[in-house]
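Before any comments, here is the structure.
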Amino acid sequence: MTIEQTRHSTDELRVVALEVADDLSEPAAVRAWADRLLLDLPGHVRQDVATVVDELTSNALRHGEPPRQVRLLLRLNWLCVEVDDACLDPACSQPSIGSATGSARRGRQCGPRSPSTPCSGR
């Protein structure tokens with residue numbers, strides 16, 4: 001695991017990155033890393049972020065190619081989680097909710113740290 005971090009002031013975008021090893025036990029370490037970085041947030045928000053980080057990291061490990069990286073993008077009252085891998089194939093589309101072949105949408109969304117601030121993610 002390798003960590004990168006940019007310098008920041010209170011109103012600038014802070015990007016914290018973590019290189020993820022090619023090991024299916026990594027999601028636990030990534031969850032702990034994210035939790036330590038977000039200690040200033042309420043516990044229920046940290047739990048939501050842990051769920052998002054776990055799901056995205058697990059997907060990258062199971063379906064992507066190394067190298068893999070998890071990034072937390074932080075700004076006052078705003079948070080975004082990104083996970084990249086080296087796979088060049090586009091992701092497969094999932095069936096819509098209520099379609100004959102799909103029961104629910106897959107994936108999670110992590111948004112603003114405050115309900116009043118919109119977040120646009122990738």
Side-chain angles (χ1 to χ4, degrees):
M1 230 187 256
T2 319
I3 299 173
E4 295 176 28
Q5 185 169 342
T6 60
R7 295 188 182 273
H8 68 285
S9 70
T10 56
D11 61 342
E12 289 181 348
L13 179 65
R14 177 179 171 207
V15 178
V16 186
L18 178 69
E19 298 296 325
V20 179
D22 196 18
D23 182 343
L24 288 176
S25 68
E26 279 291 275
V30 175
R31 282 192 313 270
W33 166 79
D35 192 60
R36 282 190 308 274
L37 288 171
L38 303 174
L39 287 175
D40 62 324
L41 297 179
H44 70 280
V45 174
R46 289 196 329 266
Q47 181 59 44
D48 288 346
V49 173
T51 301
V52 171
V53 165
D54 185 78
E55 292 285 332
L56 295 176
T57 303
S58 295
N59 286 345
L61 285 165
R62 286 186 175 91
H63 307 293
E65 299 291 331
R68 297 172 184 91
Q69 186 181 70
V70 177
R71 286 181 304 282
L72 296 180
L73 289 72
L74 306 150
R75 188 175 285 158
L76 187 61
N77 296 322
W78 185 83
L79 165 67
C80 189
V81 176
E82 296 180 342
V83 177
D84 286 337
D85 66 71
C87 183
L88 299 177
D89 294 331
C92 298
S93 61
Q94 297 297 321
S96 301
I97 294 175
S99 72
T101 58
S103 59
R105 296 186 112 178
R106 294 185 182 200
R108 304 257 191 245
Q109 178 178 344
C110 185
R113 294 169 76 176
S114 161
S116 62
T117 309
C119 174
S120 60
R122 296 204 287 186

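Residue numbers run from 1 in the order of the sequence given. Computed from a predicted model, the values in this text were never measured in an experiment.
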Inset, instruction - May I ask you to test the Trp33-Val70 pair for a side-chain heavy-atom distance under 4.5 Å? - result: yes

CG of Asp54 to CD of Gln47, rounded to nearest 0.5 Å, is 9.5 Å

Answer yes or no: is there a side-chain heavy-atom contact under 4.5 Å between Arg14 and Leu72? no

Rounding to 0.5 Å, atoms CZ (Arg46) and CG (Leu41) come to a distance of 7.5 Å

Step-by-step side chain to side chain contact (heavy atoms under 4.5 Å, CB included) determination, Thr57 to Arg31:
CA-CA 9 Å; Thr57 303; Arg31 282 192 313 270; over 6 Å; no

Rounded to the nearest 0.5 angstrom, the CD-CG distance for Glu65 and Asp22 is 8.5 Å

Heavy-atom closest pair (Gly64 atom, Cys87 atom, distance to 0.1 Å) is CA-CB, 4.2 Å

Interatomic distance, CG@Leu13 vs CG@Leu76, rounded to 0.5 Å, equals 12.0 Å

Output for pair (Leu74 CG, Leu38 CG), nearest 0.5 Å, gives 6.0 Å

Using atom types as modelled and distance alone, determine if a side-chain donor or acceptor of Glu82 lies under 3.5 Å from a backbone N or O of Arg71.
-> no

Between Ala86 and Pro66, the two heavy atoms sitting closest are CB-O, 3.2 Å

All heavy atoms of Arg68 vs all of Ala60, minimum pair found to be NE-O, 2.7 Å

